[in-house]
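So that the names make sense, note that chain A is the first sequence line, chain B the second, and so on, each numbered from 1. Everything numeric here is computed off the predicted structure, so don't read it as measured data.
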Amino acid sequence: MSERFQPPRGTRDWFGEDAAVRRHVIDLARSVFEPAGYGEVVTPGFEDTELFARSSGETSDVVSKEMYTFEDRSGRSLTLRPESTAPVMRAYLNGMSRLPQPVKVWYCQSHFRYNAVQRGRAREHYQFGVEVVGSPDAAVDAEVIALQHRWYRLCGVPELRLELNSIGDATCRPAYVALLEEFIDAHIDQLDDECLERRKTNPLRVLDCKNPSCQAVLAAAPRITDHLCDDCAAHFAEVRRHLDARGVDYELVPTLVRGLDYYTRTAWEWSAAGLATSISGGGRYDGLAEQIGGPPTPGVGFGAGLERLLEVVRPQPPAPGGSVLFAVIAEQARPRMFALMDEARAAGVTADAAYGSRRLKRMLELASKRGDARVVIVGDDEWEHEQATVRDMTSGEQRSVALDELVKELAGGF
RNA sequence: GUGGCCGUAGCUCAGCUGGUGGUAGCCCCUGGUUGUGGUCCAGGAGGUCGUGGGUUCGAGUCCCACCGGUCACCCCA
């Protein structure tokens, strides 16, 4: 095994059924978002390191210890994207802002973070994500959440749960944080070391502490939702009205916060049975554009981990159906038959050849395993008469078809 | 990054207190006469027991380190 290569720690290969199911959940997401006006966006695999440093915040875990940062041959500092929201906003500022507003996009990209590898925590992971840039409308927040809800329902996610909160904005959050810090300092002797550490880096995270004795103390702490400014409170109320109207259930969680600095107002997370972590996180980020040198620009979106989703549900793609397998026994018939196979493909028929064997028994066996509907058999007998035997794999019925008619027969057969 | 558990074929796993690696199941390939599948039968391929050291007459089994996985913490999708 030492002579062989393994995928690098925290990465994996996708093939066979895994790849098919993965493809299927992406197709389901597209089937939900594309009719709603979301177009695909693709951003570079790496960006200027500063883009992530400035947007996520130098002290964030992502920036301080999880980024894959390297220098290229010209000495530029580049970083493999650890998330896609900042890159999408960068792309928005680099041209997308000229499109009709707001700009609605989806992406399915890999992300790289040097973190502890565990179930649902890889070093390269895929996210299907959505961003709506250019509108502060609460109806947009609700649309994104509602569509995501439909996607997860289509996937059949068990015990789907939505946690919702508003974390305010630059007007009200600083005052709330000051209030919270005051509370924490007043109860400092009743909180553990971890809380003290968080108090220094991100006071909001203190509320997350899982220590029961800390929780008992923190239950009396001021809540962000009680201290929103009028605009934020009105915005949050409207998001909830829209969600109620769309029939999306949610749970208000005042302690739900975000690890990245650019989030404002609406914040949400989805979770499901069978996985301790959330399967998706989203929020509004009205402060992001300015942090990376653009004009004030509102935005809202989510990133949904594909691997995490596939940990809790594996929706089966619909069986292809109607596929045809070419079983060409006669050596001299192969060139023409495979050419006809291509013609059938061009005519819309799903077709493949049994390349692995020249024995009919094995070819039919293969057709059974693959689930092909029909098999085109051409041996010496058929070849002599310019014919093919078409076998229906369900009924076992066989009929002769002239080679000149074969493509038409296959294409019209279903 | 810290701590616990784990690592036998592509996959799921046997392997007792150290004494020669399993006819195991699934998957893959071949054959069961010359052209008929979903079954059955027979055969085969595939492992330096994660890697490297150490203890021992002898290590899949015990010890150490590394690699990989997993659980908790941190954080997050």
Trainee: Using Watson-Crick or G-U wobble geometry with both distances below 3.5 Å, tell me the partner of B/rG43, or none.
Mentor: B/rC29
Trainee: In the structure shown, which nucleotide is the Watson-Crick or G-U wobble counterpart of B/rU23, with both distances under 3.5 Å?
Mentor: none
Trainee: Which part of the nucleic acid, if any, lies within reach of A/Gly379 when heavy atoms closer than 4.0 Å are counted: base, sugar-phosphate only, or nothing?
Mentor: base
Trainee: Tell me which nucleotide among B/rU36, B/rC73, B/rG1 gets nearest to the side chain of A/Gln118.
Mentor: B/rC73
Trainee: Report the distance from atom CG of A/Leu275 to atom C1' of B/rC71, rounded to the nearest whole Å.
Mentor: 13 Å
Trainee: In terms of the angle between their ring planes, are A/Tyr263 and A/Tyr285 parallel, tilted or perpendicular, with boundaries placed at 30° and 60°?
Mentor: perpendicular
Trainee: Mark yes or no: A/Arg22 above the aromatic ring of A/Tyr126, with NZ or CZ under 6.0 Å from the six-membered ring centre and no more than 45 degrees from the axis.
Mentor: yes
Trainee: Should we say atom CZ of A/Arg153 is surrounded by more than 12 heavy atoms from elsewhere, each under 6.0 Å from it?
Mentor: no
Trainee: Kindly assign one of parallel, tilted or perpendicular to the pair A/Tyr114 and A/Tyr68, based on the angle between their ring planes and the thresholds 30° and 60°.
Mentor: perpendicular
Trainee: Using the P atom on both, measure B/rG10 against B/rC66 and round to a whole Å.
Mentor: 27 Å
Trainee: Is a donor-acceptor contact shorter than 3.5 angstrom present between the side chain of A/Gln398 and the base of B/rU36?
Mentor: yes
Trainee: Side chain of A/Val117, heavy atoms from C-beta onward: which of B/rG69, B/rA77, B/rU30 has the nearest atom to it?
Mentor: B/rG69
Trainee: Rounded to whole Å, please give me the gap between CG in A/Leu325 and C1' in B/rG35.
Mentor: 15 Å
Trainee: Between B/rU36, B/rC75, B/rA77, which one does the side chain of A/Arg113 approach most closely?
Mentor: B/rA77
Trainee: So which one's nearest nucleotide on RNA chain B is more toward 5', A/Arg362 or A/Gln127?
Mentor: A/Arg362
Trainee: For A/Gly10, answer base if it contacts any base atom (sugar-phosphate contacts may also be present), sugar-phosphate if it contacts only those atoms, and nothing otherwise; contact means non-hydrogen atoms under 4.0 Å.
Mentor: sugar-phosphate
Trainee: Without decimals, in angstroms, what is the distance between A/Tyr262 OH and B/rC76 P?
Mentor: 11 Å
Trainee: Using the C1' atom on both, measure B/rG22 against B/rU8 and round to a whole Å.
Mentor: 10 Å
Trainee: Can you check the distance between B/rC13 and B/rU17, where both ends of the measurement are the C1' atom (answer in whole Å)?
Mentor: 23 Å
Trainee: Please report, rounded to the nearest Å, how far the C1' atom of B/rC73 is from the NZ atom of A/Lys65.
Mentor: 11 Å
Trainee: Quick one: look up who B/rG18 pairs with, Watson-Crick or G-U, both distances under 3.5 Å, and put none if it's unpaired.
Mentor: none
Trainee: Quick one: do A/Arg90 and A/Asp48 make a salt bridge, cutoff under 4.0 Å?
Mentor: no
Trainee: Of all the choices, B/rC29, B/rG1, B/rG35, which nucleotide is nearest to the side chain of A/Asp381 once you look at every atom?
Mentor: B/rG35
Trainee: Report the base-pairing partner of B/rG3 (Watson-Crick or G-U wobble, both distances below 3.5 angstrom), or none.
Mentor: B/rC71
Trainee: Taking B/rC63 as the reference, what is the distance to B/rC16 when you measure between their P atoms (whole Å, please)?
Mentor: 15 Å
Trainee: How about A/Phe128 and A/Trp151: are their ring centroids closer than 6.0 Å?
Mentor: yes
Trainee: Between A/Arg123 and B/rC75, does any side-chain N or O lie under 4.0 Å from OP1 or OP2?
Mentor: no
Trainee: Can you check the distance between B/rG58 and B/rG18, where both ends of the measurement are the C1' atom (answer in whole Å)?
Mentor: 8 Å
Trainee: Which residue is it: A/Glu269, A/Gln127, A/Gln148? I am looking for the one with a side-chain hydrogen bond (donor to acceptor under 3.5 Å, both in side chains) to A/Ser280.
Mentor: A/Gln148
Trainee: For the C1' atoms, the ones on B/rG52 and on B/rU20, what distance do you get once it is rounded to whole angstrom?
Mentor: 24 Å
Trainee: Could you check whether A/Leu309 gets within reach of a base, just the sugar-phosphate, or nothing at all, counting any heavy atom under 4.0 Å?
Mentor: nothing
Trainee: Under 4.0 Å, heavy atoms only, any strand: does A/Gly396 hit a base, just the sugar-phosphate, or nothing?
Mentor: base
Trainee: Closest approach to the side chain of A/His125, judged atom by atom: which nucleotide of B/rC71, B/rC67, B/rA77 is it?
Mentor: B/rA77
Trainee: Between A/Ala116 and A/Thr277, who's closer to the 5' end of RNA chain B by nearest nucleotide?
Mentor: A/Ala116
Trainee: Report yes if at least one side-chain N or O of A/Arg119 is closer than 4.0 Å to OP1 or OP2 of B/rU70; otherwise report no.
Mentor: no
Trainee: Using atom types as modelled and distance alone, determine if a side-chain donor or acceptor of A/Lys104 lies under 3.5 Å from a backbone N or O of A/Ala36.
Mentor: yes
Trainee: So that I know where these two stand, are A/Phe338 and A/Tyr355 an aromatic pair - ring centroids less than 6.0 Å apart?
Mentor: yes
Trainee: Atom CZ of A/Phe52 and atom C1' of B/rC76: how far apart are they, to the nearest Å?
Mentor: 16 Å
Trainee: Side chain of A/Met393 only, heavy atoms from C-beta on: which candidate in B/rC73, B/rU36, B/rG37 is closest?
Mentor: B/rG37
Trainee: Using a distance-only criterion (donor-acceptor N/O pair, under 3.5 Å, no hydrogens), is the base of B/rG35 paired with the side chain of A/Glu382?
Mentor: yes
Trainee: Look at the side chain of A/Leu364 and decide which nucleotide, out of B/rG35, B/rA77, B/rU36, has an atom nearest to it.
Mentor: B/rU36
Trainee: What contact category does A/Glu365 fall into here, base, sugar-phosphate, or nothing, at under 4.0 angstrom with non-hydrogen atoms?
Mentor: sugar-phosphate
Trainee: For B/rU56 versus B/rU51, give the span between their P atoms, rounded off to a whole number of Å.
Mentor: 23 Å
Trainee: If you check every side-chain atom of A/Arg391, which of B/rU36, B/rC71, B/rC76 has the closest atom?
Mentor: B/rU36
Trainee: I'd like the C1' distance from B/rG7 over to B/rU23, given in whole Å.
Mentor: 26 Å
Trainee: Tell me: CD of A/Glu124 to C1' of B/rA77, nearest whole Å?
Mentor: 13 Å
Trainee: Describe the nucleic acid contact of A/Ala327 in one word from base, sugar-phosphate, nothing, applying a heavy-atom distance below 4.0 Å.
Mentor: nothing
Trainee: Could one point to a donor on the side chain of A/Arg121 or the base of B/rC75 with an acceptor on the other under 3.5 Å away?
Mentor: yes
Trainee: For B/rC27, does OP1 or OP2 lie under 4.0 Å from any side-chain N or O of A/Lys369?
Mentor: no
Trainee: Taking atom P of B/rG10 as reference, at what distance in whole Å does atom CZ of A/Arg12 sit?
Mentor: 17 Å
Trainee: What's the CD-P distance between A/Glu131 and B/rA77, to the nearest Å?
Mentor: 12 Å
Trainee: Does any N or O donor sit under 3.5 Å from an N or O acceptor when you compare the side chain of A/Arg308 with the base of B/rC76?
Mentor: yes
